[in-house]
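Everything on this sheet refers to the single structure shown next.
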Amino acid sequence: MPAHPDPSCTLRNRLRFIVTMGAVFGIVVGAYLILAQAYTDHRRATAPLPEAERRTDACSLWFIGSSTIFKWSTLAADMAPWDAHNRGVNGAIIPQITGWLANEPPGPPPAAIVLYGGENDIDGGDTGAQTLMSLDRFLALKTRRYGSLPVIAISLKPSPARWSERPQQIVFNDGLRRLAAGRDDLHVVDIQSSMLVNGRPGPFYVADGIHMNAIGYARWTARLRPALTNILPADTMVRCRTIADRR
């Protein structure tokens, strides 16, 4: 009579097969995830800032920075007649911004770059001095690509959720002013005092204590617009207003 297979042996073979296939599946999925992440990282590293496809001319302002810029929903109206391009990126730090600016496709420059950066760098563990070094590298790249194009840097805002980081923010803001004193292409708009009430952050923030509400952005606008008028050529402003009125 034919021998019957040992049931325990058959079960072991099945379990061995299942374990082997599970391991193969895990390797395949792991490899896919690694490749997908590598592809995502590559695309992110080689991408320009947002709105790279948008037409830039002498009436354009590039607003570059982190989520504080990205979330500025009224930016276009607040900066009219300037053609404000919102090129902010959520969570961005200055080295990332520098890399994306390096990937900017060839084309005419804007009238100026308005920069808000450094808050996430300090929140991520960098000191104010280290963040200034990152800014210096950003400015070096800007000079290589765009020469004496003005950069208008907004000081770091005092926010409730990051109040413990305020000392390093002050180090950065003080260094920013010193840096601007030695460069004709760098201008500082200091918004710190307009965001404080009795020495503490005022009611200018949404619930997360980091990002601004409409009142906060209105205060920035009130500081920034006069600075643009003082820094940028008056004839350009008149021409841009005429163009905007015709639209």
Side-chain angles (χ1 to χ4, degrees), residues 41 44-45 47 49-50 62-72 75 86-103 112-143 150-183 185-213 215-217 219-221 223-224 227:
D41 291 344
R44 188 175 178 85
L49 288 160
W62 287 355
F63 280 73
I64 295 176
S66 55
S67 54
T68 296
I69 296 296
F70 177 77
K71 293 177 181 293
W72 197 338
L75 179 62
N86 191 323
R87 312 198 69 184
V89 179
N90 273 327
I93 57 176
I94 295 177
Q96 291 175 321
I97 294 169
T98 304
W100 294 324
L101 185 64
N103 297 331
I113 290 173
V114 180
L115 175 69
Y116 184 77
E119 186 177 340
N120 289 330
D121 304 60
I122 292 173
D123 185 61
D126 283 358
T127 64
Q130 290 170 325
T131 306
L132 280 168
M133 292 174 62
S134 295
L135 176 63
D136 200 48
R137 288 189 284 271
F138 170 88
L139 293 170
L141 171 69
K142 188 281 303 182
T143 300
V151 173
I152 301 165
I154 302 172
S155 64
L156 299 186
K157 66 184 188 299
S159 56
R162 292 177 173 174
W163 187 248
S164 64
E165 298 165 12
R166 185 70 181 141
Q168 289 304 315
Q169 290 183 349
I170 292 174
V171 169
F172 176 84
N173 289 337
D174 290 346
L176 179 62
R177 286 193 295 272
R178 289 193 299 271
L179 188 60
R183 298 183 62 120
D185 62 343
L186 179 61
H187 310 269
V188 178
V189 175
D190 194 341
I191 50 77
Q192 296 176 88
S193 62
S194 65
M195 306 301 289
L196 294 171
V197 175
N198 297 324
R200 298 286 296 186
F204 314 125
Y205 298 86
V206 298
D208 66 9
I210 297 173
H211 301 103
M212 294 189 297
N213 58 26
I215 302 173
Y217 281 114
R219 291 195 162 221
W220 276 34
T221 300
R223 288 294 179 96
L224 189 53

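No hydrogens, no waters, no symmetry mates; every other heavy atom, side chains included, goes into these values.
The heavy-atom pair separating Trp100 from Ala47 by the smallest distance is CD1-O, 3.1 Å. Looking at every heavy atom in both residues, Leu115 comes nearest to Val151 through CB-CG1, 4.3 Å. Annotation for Gln169 and Lys157: closest pair OE1-O, 3.3 Å, computed over non-hydrogen atoms. The shortest heavy-atom contact between Pro158 and Trp163 is CB-CZ3, 3.8 Å. Nearest heavy atom pair, residue Pro50 against residue Gly88, reads CG-O, 3.8 Å. Minimum interatomic distance between Ile215 and Pro203 (heavy atoms only, all atoms of both residues): CD1-O, 4.3 Å.
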Problem set entry | Full working for ring pair (Phe, Tyr, Trp, His ring centres under 6.0 Å) between Trp220 and Tyr116 | CA-CA 11 Å; Trp220 276 34; Tyr116 184 77; 5.1 Å; yes

Exercise. Run the side-chain contact (heavy atoms from CB on, under 4.5 Å) check on Glu165 and Ser159 step by step: do they pass?
Worked result: CA-CA 9 Å; Glu165 298 165 12; Ser159 56; over 6 Å; no

Problem set entry | Chi angles and distances behind the side-chain contact (heavy atoms from CB on, under 4.5 Å) call for Ile152, Ile113 | CA-CA 6 Å; Ile152 301 165; Ile113 290 173; over 6 Å; no

Exercise. Hey, mind stepping through Ile69 and Arg87 against side-chain contact (heavy atoms from CB on, under 4.5 Å) and telling me if it holds?
Worked result: CA-CA 7 Å; Ile69 296 296; Arg87 312 198 69 184; over 6 Å; no

For this session: Test side-chain contact (heavy atoms from CB on, under 4.5 Å) on Thr221 and Trp72 and set out the steps.
Result: CA-CA 11 Å; Thr221 300; Trp72 197 338; 3.4 Å; yes

Exercise. Between His211 and Ser67, is a side-chain hydrogen bond (donor to acceptor under 3.5 Å, both in side chains) present by the stated rule, with each step listed?
Worked result: CA-CA 8 Å; His211 301 103; Ser67 54; 2.7 Å; yes

For this session: Evaluate side-chain hydrogen bond (donor to acceptor under 3.5 Å, both in side chains) for Gln192 paired with Arg166, printing each intermediate quantity in order.
Result: CA-CA 11 Å; Gln192 296 176 88; Arg166 185 70 181 141; 2.6 Å; yes

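In this model, no donor atom of one side chain and acceptor atom of the other lie less than 3.5 Å apart for Ser155 and Arg223.
Once rounded to the nearest 0.5 Å, the distance linking CD1 of Ile93 with CG of Asp126 reads 7.0 Å. Note: Ile94 CD1 to Asn120 CG = 9.5 Å, rounded to the nearest 0.5 Å. Distance CG/Leu49 to CD/Gln96: 10.5 Å, rounded to 0.5 Å. For the atom pair CE (Met212) and OH (Tyr205), the distance works out to 7.0 Å, reported to the nearest 0.5 Å. Interatomic distance, Thr68 OG1 to Ile210 CD1, rounded to the nearest 0.5 Å: 8.5 Å. With rounding to the nearest 0.5 angstrom, the NZ atom of Lys142 is 11.0 Å from the CG atom of Leu135.
The closest side-chain heavy-atom distance from Leu224 to Phe63 is below 4.5 Å. Two residues are said to be in side-chain contact when any heavy atoms from C-beta on lie closer than 4.5 Å; Ile122 and Thr127 fail this criterion.
Counted within 6.0 Å of CZ on Phe70, heavy atoms from surrounding residues, nucleotides or ligands total 12 or fewer; the atom is thus considered open.
Between the side chain of Gln168 and the backbone N or O of Gly128 there is at least one donor-acceptor pair closer than 3.5 Å. Formation of a donor-acceptor pair under 3.5 Å by the Asn90 side chain with backbone atoms of Ser66 is not found in this model.
Of the charged side-chain nitrogens involved, at least one lies within less than 4.0 Å of a carboxylate oxygen, so that Arg177 and Asp190 count as a salt-bridged pair.
In this view, Asp121 satisfies the side chain to side chain donor-acceptor pair (under 3.5 Å) rule with no residue, not counting sequence neighbours.
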